[in-house]
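Okay, so here's the structure we're looking at.
Fair warning: this is a prediction, and the values are worked out from it, not measured in the lab. All heavy atoms count here, side chains included; hydrogens, waters and symmetry mates do not.
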Amino acid sequence: LGSPCERGAALTSATTHGLAFGLLQHDMVERFLLHFFAVSAHAYTRGTWTTPEASNVADRDEPTTPYTAAGEVTAPTYLKWMLCFEEPETRTLWLAKAIPRDWLATGEAPLVASNLTTRYGRLSFTLASSAAAGSYAVRVNLTLPPSFVTAAPAGGIRLRLRAPLAYAGRLSAVTVGTRSWSDFSAAEETIDIAAAQLNTSVVRGLARIVATFDSAEGSV
């Protein structure tokens, strides 16, 4: 299940934060998601979201260990990191670094993240995908507080668009506001905004980002 266990099969809920943080820091997104969903599904009691310190996922007849308050913040913390992750070495602020690809599938509701906390101020963003006749695009509304102009993260901002697999690695063009934006990586699925670029004009333009992807292979 991608998670550390006690006594071989007892999934813990309160002592796994370091693993998740390390997986994200080293960009092991699929392993992070496996761990996140395993903990969400098997480390919490169904319907109440309370957490025993550990539960045996191989033998559900074995009683769980006592309740631990620390475990209740594990899944919410992972969700925050999935959406907004502050890289400690480079001081890069990652947005949507580890969202599941299905969240940007055509027909899904827009992904809305509001008032996410960072050391630079609260931010919000919306990601909305669309497709027609083989084309695919993601429209982004990223709202930053004025503090990002005067005290931006030293490593800048990296917005990742984890498109469905048919479009993965096929990011071909980006506009920010009304201007074409060349600082993106199709291979890493990111749109990059350096700290020096975060002036008032660019910050306003981040509310209107359009990322266009090449047609998926086999589409007509």
Side-chain angles (χ1 to χ4, degrees), residues 16-29 31-33 35-36 70 72-101 103-104 109-129 137-163 171 173-211:
T16 59
H17 298 80
L19 169 66
F21 191 94
L23 292 174
L24 274 182
Q25 185 177 3
H26 292 280
D27 214 19
M28 298 178 177
V29 172
R31 294 184 184 186
F32 167 80
L33 289 173
H35 170 62
F36 179 15
E72 292 208 3
V73 301
T74 300
T77 298
Y78 289 1
L79 178 61
K80 162 66 184 307
W81 288 345
M82 172 198 290
L83 297 170
C84 181
F85 181 76
E86 297 183 49
E87 161 59 49
E89 299 294 333
T90 64
R91 297 298 184 185
T92 300
L93 179 62
W94 282 85
L95 302 178
K97 181 173 188 177
I99 65 171
R101 293 188 183 279
W103 288 11
L104 290 182
L111 169 60
V112 180
S114 301
N115 293 319
L116 297 172
T117 56
T118 76
R119 71 183 67 202
Y120 313 100
R122 290 181 178 267
L123 60 85
S124 302
F125 65 82
T126 300
L127 308 180
S129 62
V138 178
R139 287 169 171 78
V140 182
N141 181 335
L142 171 57
T143 304
L144 302 178
S147 57
F148 272 72
V149 175
T150 57
I157 296 173
R158 301 201 83 183
L159 169 64
R160 173 167 278 163
L161 300 177
R162 282 173 46 85
L171 179 62
V174 175
T175 57
V176 174
T178 59
R179 60 193 287 190
S180 177
W181 195 263
S182 61
D183 292 331
F184 66 89
S185 170
E188 297 189 57
E189 304 181 283
T190 59
I191 299 171
D192 302 314
I193 306 101
Q197 295 173 307
L198 285 169
N199 55 46
T200 300
S201 175
V202 168
V203 167
R204 288 174 179 169
L206 295 176
R208 301 184 310 281
I209 301 174
V210 179

Check your understanding: Is any side-chain heavy atom of Arg160 closer than 4.5 Å to a side-chain heavy atom of Asp27?
Key -> yes
| task | Kindly indicate, with the supporting measurements, whether the criterion side chain to side chain contact (heavy atoms under 4.5 Å, CB included) is fulfilled by Glu189 and Leu161. | result | CA-CA 6 Å; Glu189 304 181 283; Leu161 300 177; 5.6 Å; no
Can you list the steps and then say if Glu87 with Arg158 is a salt bridge (Lys or Arg N to Asp or Glu O under 4.0 Å)?
CA-CA 10 Å; Glu87 161 59 49; Arg158 301 201 83 183; over 6 Å; no
Between the main-chain N or O of Ile99 and the side-chain N or O of Arg162, is there a donor-acceptor pair closer than 3.5 Å?
yes
Heavy-atom nearest pair, Phe125 first then Leu123, reads CD2-CD1, 4.1 Å
- Query: Under a 4.5 Å cut-off applied to non-hydrogen side-chain atoms, are Leu33 and Met82 in contact?
  - Reply: yes
For Pro153 and Arg91, the nearest pair of non-hydrogen atoms, with its separation, is CB-O, 3.5 Å
Side chain proximity check, Val176 to Ile193, heavy atoms < 4.5 angstrom
no
task = Could you tell me whether the side chain of Lys97 and the main chain of Leu24 form a donor-acceptor pair under 3.5 Å?
result = yes
Side-chain heavy atoms of Leu198 within contact of Leu206, under 4.5 Å: yes
query: Would a 4.5 Å heavy-atom cut-off, applied to side chains only, mark Thr16 and Tyr78 as touching?
result: yes
* **Main-chain N/O of Tyr120 paired to Ser147 side chain as donor or acceptor, under 3.5 Å** => yes
In terms of heavy-atom contacts, Ser124 and Ser114 come closest through OG-CA, 3.5 Å
Q.
Set out, in order, the CA-CA distance, both residues' side-chain angles and the distance that settles side chain to side chain contact (heavy atoms under 4.5 Å, CB included) for Arg31 and His26, then state yes or no.
A. CA-CA 11 Å; Arg31 294 184 184 186; His26 292 280; over 6 Å; no
Using side-chain heavy atoms (C-beta onward) and a distance below 4.5 Å, is Leu93 in contact with Phe148?
yes
Side-chain donor or acceptor of Thr190 paired with backbone N/O of Asp192 under 3.5 Å | no
In this structure, OG1 of Thr178 is separated from CZ of Arg204 (nearest 0.5 Å) by 12.5 Å
The salt bridge (charged side-chain N to carboxylate O under 4.0 Å, His left out) partners of Glu72 (sequence neighbours excluded) come to none
For Phe85 and Trp81, take the angle between the two ring planes, folded into 0 to 90°, and tell me which bin it lands in: parallel under 30, tilted 30 to 60, perpendicular over 60. perpendicular
Heavy atoms of Val174 and Ile209 approach each other most closely as CG1-CG2, 4.2 Å
When every non-hydrogen atom of Thr126 is compared with those of Pro110, the smallest separation belongs to CG2-CB, 4.0 Å
Shortest non-hydrogen pair, Ala163 vs Leu104, comes out as N-CD1, 4.4 Å
dist Leu116:CG -> Leu79:CG (nearest 0.5 Å) comes out at 8.5 Å
| Sub-4.5 Å side-chain heavy-atom contact between Leu159 and Leu142 | no
Q) Do any N or O atoms from the side chain of Arg122 and from the backbone of Thr117 form a donor-acceptor pair under 3.5 angstrom? A) no
